[in-house]
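Below, read A as the first sequence line, B as the second, and so on, with proteins coming before strands; counting in each chain starts at 1.
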Amino acid sequence: MPEPPILFEPEDQFLIRQQKLEEIRRLGYDPYPRHFDASHTVPEIVQQFSPASAQTLETEKRRVRVAGRIRSIRFHGKTGFADLHAGPARLQAYFRRDRLGEQAYRLFELLDLGDIIGAEGTLGRTKTGELTLFVEQLTLLAKALLPLPEKWHGLAGIEQRYRQRYLDLIVNQGVREIFQTRARLIRFLRDFLEARGFLEVETPMMQPIAGGAAARPFRTHHNALDLDLYLRIAPELYLKRLVVGGLDRVYEINRNFRNEGLSVRNNPEFTMLEFYQAYADYRALMDLSEEMLTGLVETLTGSKQLTYQDQVVDFSRWQRLSLREAVCEYWLAGKAPRPADLAQAEKARRLAAEHDRWAVNHPDQARLASVPHSASAAVASQQLFEAVVERRLFQPTLIYDFPTEISPLAKRRDDDPALAERFEIFAGGLELGNAFSELNDPLEQYQRFRQQLQQRERGDEEAHQMDQDYVRALAYGLPPTAGEGIGIDRLTMLLTNTRSIREVILFPLLRPLRPEGSGPAEPGTQ
RNA sequence: GAGCCCGUAGCUCAGCCGGUAGAGCAUCUGCCUUUUAAGCAGAGGGUCCUGGGUUCGAGUCCCAGCGGGCUCACCA
């Protein structure tokens, strides 16, 4: 039984274009040739010859060979215009039957929007003054069998933009720029860290114990070793092992995987910069973070201010607040409490209840803290912070001194062991980063893991797993070290003024259209 | 997981109080040797997401499902 031919929607256009493909072959042209030697790219031509006057071009008769995708064709009887797009640039090409000859002009007539062609000819200007390639030789480089999206509105369906990102990139101006910004951002961070003696490393993505953060992991399995593995939720514990090994300044920019819900701010795989600096504490990283992020914004935008979601975010002015101070400063429900009130469990819980009573009547301004009756001061203040403050941190802000009990890998403060030497970075209402002085006392780390295990037994799936080998590494001596993680995707959102993390990830996770293995297309009808 | 909104031609969308399925672009045919959202004349293209229900009659109303978006929850 012969295989049915593959058939894509829209069927009529797919079939019509295949008929054209056959005619092109009958004319003796290869619709998918091997190569094309261009003399210039389209952007080069546009850049180089845009200033040239019609007269200059007329006398120079500059010959070029150039390739691009056809995005517009305007037939005019025995002539026609086509717009060649390559990269961000567009070049108009003019075709005449009397210049090309019968056969090549027939090839031109068989072209469709989306075809990729090479053209050779001389540059000039039309009577409207537009820089135009007057084509003498036409080469088909790839026949497109499916039509591009409509030219006015382009591809606006969000779902299709993500599912067929290649169409999004062809049609929508600006998508390319988002990913160029993303690349420049990563390059800046690499340069910044390399200049300060950090070494880039790669650590396992598949880990027998998913450590370094509180999150549900993805599971996988290695057959030969019959070994269950997790996709990493963070590289933290491996990077600190490297610091034990004497790599005093290390960083990694790579993917983390967290088996959690999708949202405008969350994708299950996301890119994190994580770096560790020996002989530094979290205060040193506060300075470094401000310098790094301000430098990033200035390098990429030319200014220390940027606009995010219609608000100016000013990186020339950072504020630093303790978590408790922030709750008091941003307090909404009547008279603001004092930071000391949040240090006491009973008072903190009462404040949370007070906030919730207010928030119920102002659902557009704040979320509920929903603090359980048994909550510690730490948990209550943390949840109050998220309810009252977090989304309103639009200006660049460092929030420090998080509760120790939710920071199992961070060093305690000397003067207040309930607080950890930890801070988070906020801007544009986004949580961008998290940093702390690393706990390097192996015995205390062991005890902290034990506490996490107890929480796990009480049903907290995100409590940290015991990692004895990590404790052993600490037992060989980790110097005083501070470490930081920065979410690259969210940072890109901030710098590209995008609301959804899916705009800055080329292929964000979507539910597949069909069950796996059923093939990419509708089967043929017979 | 919950709430709200959406699903109509390849694309972007309209479709009123339930009464013959629409537009622009794209496609096809013809004309057109400097156009550029080219133009002119004509043509084809629909499982109105799916399945039930109400009704003489459903794109429209009701229920369920599927898919998507947004918000919330989760994400220390």
Side-chain angles (χ1 to χ4, degrees), chain A residues 8-17 19-20 54 71-83 90-100 105 112-114 124-132 134 146-164 167 171 213-216 233 256 258-268 270 323 363-364 367-368 370 376 378-379 381-383 385-387 390-391 402-410 420 422 424 431 434 436 452 455 460-464 487 499-502 510-515:
Chain A
F8 290 109
E9 294 273 326
E11 291 179 16
D12 56 338
Q13 300 194 27
F14 187 62
L15 294 172
I16 286 164
R17 287 186 179 210
Q19 286 165 15
K20 292 183 180 177
R71 290 287 308 285
S72 168
I73 305 186
R74 301 173 292 282
F75 288 103
H76 268 273
K78 297 172 186 63
T79 69
F81 291 91
D83 291 345
R90 180 190 77 93
L91 176 67
Q92 174 170 272
Y94 183 52
F95 300 80
R96 299 168 60 110
R97 189 159 73 177
D98 55 12
R99 294 291 290 276
L100 284 167
Y105 194 77
D112 286 299
L113 299 187
R125 289 193 184 275
T126 60
K127 66 184 183 190
T128 60
E130 176 160 352
L131 181 67
T132 298
F134 291 82
L146 288 170
L148 294 176
E150 187 247 355
K151 64 183 172 187
W152 293 357
H153 306 88
L155 185 70
I158 286 184
E159 179 188 356
Q160 199 185 351
R161 285 189 45 227
Y162 299 152
R163 286 197 195 281
Q164 295 182 280
L167 293 181
V171 164
R216 287 155 67 187
I233 55 175
N256 289 343
R258 297 187 182 176
N259 206 337
E260 285 156 1
L262 305 159
S263 83
V264 194
R265 294 184 178 77
N266 299 78
N267 194 63
F270 62 100
L323 184 138
D364 49 329
R367 300 153 50 193
L368 296 180
S370 303
S376 62
V379 167
S381 51
Q382 162 73 16
Q383 294 194 202
F385 171 76
E386 288 174 13
E390 190 164 2
R391 298 286 168 88
F402 281 73
T404 303
E405 69 182 87
I406 57 164
S407 313
L409 301 164
R422 170 178 170 185
E424 290 191 350
E431 180 191 334
N434 178 27
F436 40 84
Q452 291 286 314
Q455 288 179 31
D460 181 356
E461 276 187 79
E462 290 168 0
H464 209 288
R499 267 194 77 251
S500 169
I501 198 167
R502 293 178 171 194
L510 300 172
R511 191 186 302 273
L513 282 177
R514 273 173 262 276

Closest to the [X] side chain: [options]?
{"X": "A/Gln92", "options": "B/rU36, B/rU33, B/rC28", "result": "B/rU36"}
{"X": "A/Tyr94", "options": "B/rU35, B/rC28, B/rU33", "result": "B/rU33"}
{"X": "A/His76", "options": "B/rU33, B/rU71, B/rG68", "result": "B/rU33"}
{"X": "A/Arg74", "options": "B/rC74, B/rU35, B/rU27", "result": "B/rU35"}
{"X": "A/Arg499", "options": "B/rA26, B/rU33, B/rC70", "result": "B/rC70"}
{"X": "A/Lys20", "options": "B/rU34, B/rC28, B/rC70", "result": "B/rC28"}
{"X": "A/Glu260", "options": "B/rC75, B/rG68, B/rU36", "result": "B/rC75"}
{"X": "A/Asp12", "options": "B/rU33, B/rG44, B/rU35", "result": "B/rG44"}
{"X": "A/Asn266", "options": "B/rU35, B/rC75, B/rU33", "result": "B/rC75"}
{"X": "A/Gln13", "options": "B/rU35, B/rC74, B/rU27", "result": "B/rU27"}

Without decimals, in angstroms, what is the distance between [X] [atom1] and [N] [atom2]?
{"X": "A/Leu15", "N": "B/rA26", "atom1": "CG", "atom2": "C1'", "answer": "16 Å"}
{"X": "A/Glu130", "N": "B/rU34", "atom1": "CD", "atom2": "P", "answer": "15 Å"}
{"X": "A/Leu131", "N": "B/rU35", "atom1": "CG", "atom2": "P", "answer": "16 Å"}
{"X": "A/Phe14", "N": "B/rC11", "atom1": "CZ", "atom2": "P", "answer": "16 Å"}
{"X": "A/Glu386", "N": "B/rA73", "atom1": "CD", "atom2": "P", "answer": "9 Å"}
{"X": "A/Arg96", "N": "B/rC32", "atom1": "CZ", "atom2": "C1'", "answer": "14 Å"}
{"X": "A/Glu390", "N": "B/rA73", "atom1": "CD", "atom2": "C1'", "answer": "14 Å"}
{"X": "A/Lys127", "N": "B/rU33", "atom1": "NZ", "atom2": "P", "answer": "12 Å"}

Where the side chain of A/Gln382 meets the backbone of A/Phe402, is there a donor-acceptor pair that is under 3.5 Å apart?
->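 Absent.
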
Sidechain-backbone polar pair: A/Arg17 side chain, A/Leu146 backbone, donor-acceptor under 3.5 Å |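 Flag set: sc A/Arg17 to bb A/Leu146 pair under 3.5 Å.
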
Which is true for [X] with a 4.0 Å heavy-atom rule: it touches a base, it touches only sugar-phosphate, or it touches nothing?
{"X": "A/Pro403", "value": "nothing"}
{"X": "A/Gln383", "value": "nothing"}
{"X": "A/Phe134", "value": "base"}
{"X": "A/Asp98", "value": "base"}
{"X": "A/Ala214", "value": "base"}
{"X": "A/Phe75", "value": "base"}
{"X": "A/Val379", "value": "nothing"}

For B/rC17, does the O4'-C1'-N9-C4 (purine) or O4'-C1'-N1-C2 (pyrimidine) torsion place it in syn, i.e. within 90° of 0, or in anti?
->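 Base orientation relative to the sugar is syn.
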
Between A/Asn434 and A/Arg422, does any side-chain donor sit less than 3.5 Å from a side-chain acceptor?
->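 Yes - a donor-acceptor pair under 3.5 Å links their side chains.
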
Identify the heavy atoms of A/Phe436 and A/Leu409 that sit nearest to each other, and give their distance.
->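 Closest heavy-atom pair between A/Phe436 and A/Leu409: CE1-O, 3.5 Å.
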
How close do A/Tyr162 and A/Ser500 get, heavy atom to heavy atom, and via which atoms?
->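 A/Tyr162 and A/Ser500 have their closest heavy atoms at OH-OG, 4.3 Å.
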
Would A/Arg90 and A/Glu130 pass as an ion pair if we require N to O under 4.0 Å?
->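 Salt bridge between A/Arg90 and A/Glu130, a charged N being under 4.0 Å from a carboxylate O: yes.
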
B/rU34 base / A/Thr79 side chain donor-acceptor hit below 3.5 Å =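 Side chain to base: no pair below 3.5 Å.
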
